[in-house]
There are 2 protein chains.
Amino acid sequence: MARTRNSDGYPSFAVTVDLVVLTVRDDELQALLVSRGEEPYLGRRALPGGFVRPDEDLPDAASRELAEETGLHQVPGHLEQLATYGAPDRDPRMRVVSVAYLALAPELPDPRAGSDAAAATWVPARRALSQRLAFDHHRILRDGVERARAKLEYTGLGAAFCPPEFTVARLRRVYEAVWGVELDPRNFHRKVTGTPGFLVDTGRTVVEGPGRPAALFRADPAAELSPPLTRARLG
Amino acid sequence: MARTRNSDGYPSFAVTVDLVVLTVRDDELQALLVSRGEEPYLGRRALPGGFVRPDEDLPDAASRELAEETGLHQVPGHLEQLATYGAPDRDPRMRVVSVAYLALAPELPDPRAGSDAAAATWVPARRALSQRLAFDHHRILRDGVERARAKLEYTGLGAAFCPPEFTVARLRRVYEAVWGVELDPRNFHRKVTGTPGFLVDTGRTVVEGPGRPAALFRADPAAELSPPLTRARLG
DNA sequence: ATAATAGTGTCTTTTAGACAATATCAC
DNA sequence: GTGATATTGTCTAAAAGACACTATTAT
């Protein structure tokens, strides 16, 4: 494997960004995976990602890759740094340090087949985590899913999985899908509407099938839930 | 600035680890800072850190630097990855991506003057954050302090600031120092001793000045506080 | 004895969680 | 009408927070 030093005499690394992109589709937490079109791990599923450019900041590289994979610019939802993975043997070609980002997106149109990525597809998180992925992407995906689950507890981040305006039931199904639990609709409603600043009532309602029309809300993206919703206690 | 590609044709980066090392001394949250002995930022205070070696994993680089700066091997306490900083202009010499680690340590003997580092000293976090630091270390330090504050809420990590055996009062002063608040000793005592698995009674007591002897506890390093201690509500 | 700190008990308020009851839609 | 979902209200249990009180030490 290449172990080079750059022109200044410091050890030389390649730097990539890898993306854990999560959404809730069909009441299920799903992750975006690509199929690798080259060695190593040819044909294996992997997280979308790519090399950081020489003059590109890390968040910019993450947004760029996300836009390339999903075909969407100005990705709605949420993008945050997850963690960095740099084991010396994680890429057999050379020393690569990967900065992983976590993106939470509302249900998007199917990934662009015509885009840069090789067949990016949504895969249920449970299934994605039960198959072999390229590199150390299994661990990165696991860390990303766990981060998302944890963050829903104490932030209003669940709304990042919803379109700009949504009902309480929609938000509740997000929590149920991400945590894999059932929540009491009445207590959930009281909790989220009673947290000051979390949800903003638009004054409008929507009818979705039978039942009383539901109020439409908008999310305050920076809201914190205090006290938190707790996976262990809700139900 | 150098903008090189390595021998494989990929953009070449240098990778460093920077350390936010926090402790509680004199009932105050303090951070470990060094003085830079070379350009750029000659003489400016900075976080300890250094280049990752060609075949070294990131956590290993962090432990190595920590040992070099503190003079202690097998650092007690806690070490976790904080975040990664890679703005293209963050180091004027070349493109450097820095993986920051957060270390929480019990009160240590004064940093080794004879060690590798140039005059590593403990500085109260408030003061460290009010002065100019080299590179983007102000932001890294701020992120590290905030991470520590947040983690004390929902984990038993406060014990990482304590020696292996400690009293409830010692732990409480850690929380008070990190959060900068006063906590009710009686309610704090009931909370931490009542959380199953958090504290393990050694059966022994110590006398520290006047007052009833205090029971000595050991911490379960992996304990989670549920429901959490909350900065906003305690007091 | 007095001051200081450790630890327990008690009360009030807040919140979680269970669940009844009402509102408003599709059919 | 029936069945479904939204929303409000009520009750109980758990926990937070205020604070009285007891226990055990140094001085």
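It should be emphasised that the depicted structure is a prediction, and the values quoted were computed from it without experimental measurement. Every chain is numbered from 1 and lettered A, B, ... according to where its sequence line falls, protein lines coming before strand lines.
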Output the single nucleotide from [options] whose closest atom is nearest the side chain of [X].
X        : options               : answer
A/Asp184 : C/dA6, C/dC19, C/dC25 : C/dC19
A/Asn187 : D/dC19, C/dG7, C/dC19 : C/dC19
B/Val207 : D/dT7, D/dA18, D/dA26 : D/dA26

Round to a whole Å and report the spacing from [atom1] of [X] to [atom2] of [N].
X        : N      : atom1 : atom2 : answer
B/Phe217 : C/dA6  : CZ    : C1'   : 10 Å
A/Arg186 : C/dA20 : CZ    : P     : 8 Å
A/Glu153 : C/dA16 : CD    : P     : 13 Å
A/Leu171 : D/dA6  : CG    : P     : 12 Å

Given 3.5 Å as the limit, does a donor-acceptor pair link the side chain of A/Thr23 with the main chain of A/Arg25, or not?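 Side chain of A/Thr23 to backbone of A/Arg25: no pair is present.
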Would you say [X] places a side-chain N or O within less than 4.0 Å of OP1 or OP2 belonging to [N]?
X        : N      : value
B/His189 : C/dG7  : yes
A/Lys191 : C/dA16 : yes
B/Arg190 : D/dA15 : no

Find which nucleotide of DNA chain C each of B/Arg170 and A/Gly211 is nearest to by heavy atoms, and output the residue with the more 5' nucleotide.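 The residue mapped nearer the 5' terminus is B/Arg170.
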A/Asp143/A/Arg149 salt bridge by N-O under 4.0 Å criterion: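 No salt bridge links A/Arg149 with A/Asp143.
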Short N-O contact, B/Asp27 and B/Arg172, less than 4.0 angstrom: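 Here B/Asp27 does not pair with B/Arg172 in a salt bridge, since their nearest N and O are not under 4.0 Å apart.
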Please state whether the base of C/dA26 and the side chain of A/Arg212 form at least one donor-acceptor pair under 3.5 Å?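 Check fails, no donor-acceptor contact within cut-off.
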Anything under 30° is parallel, anything over 60° is perpendicular, the rest tilted; go ahead and classify B/Tyr175 against B/Trp179.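 B/Tyr175 and B/Trp179: perpendicular rings.
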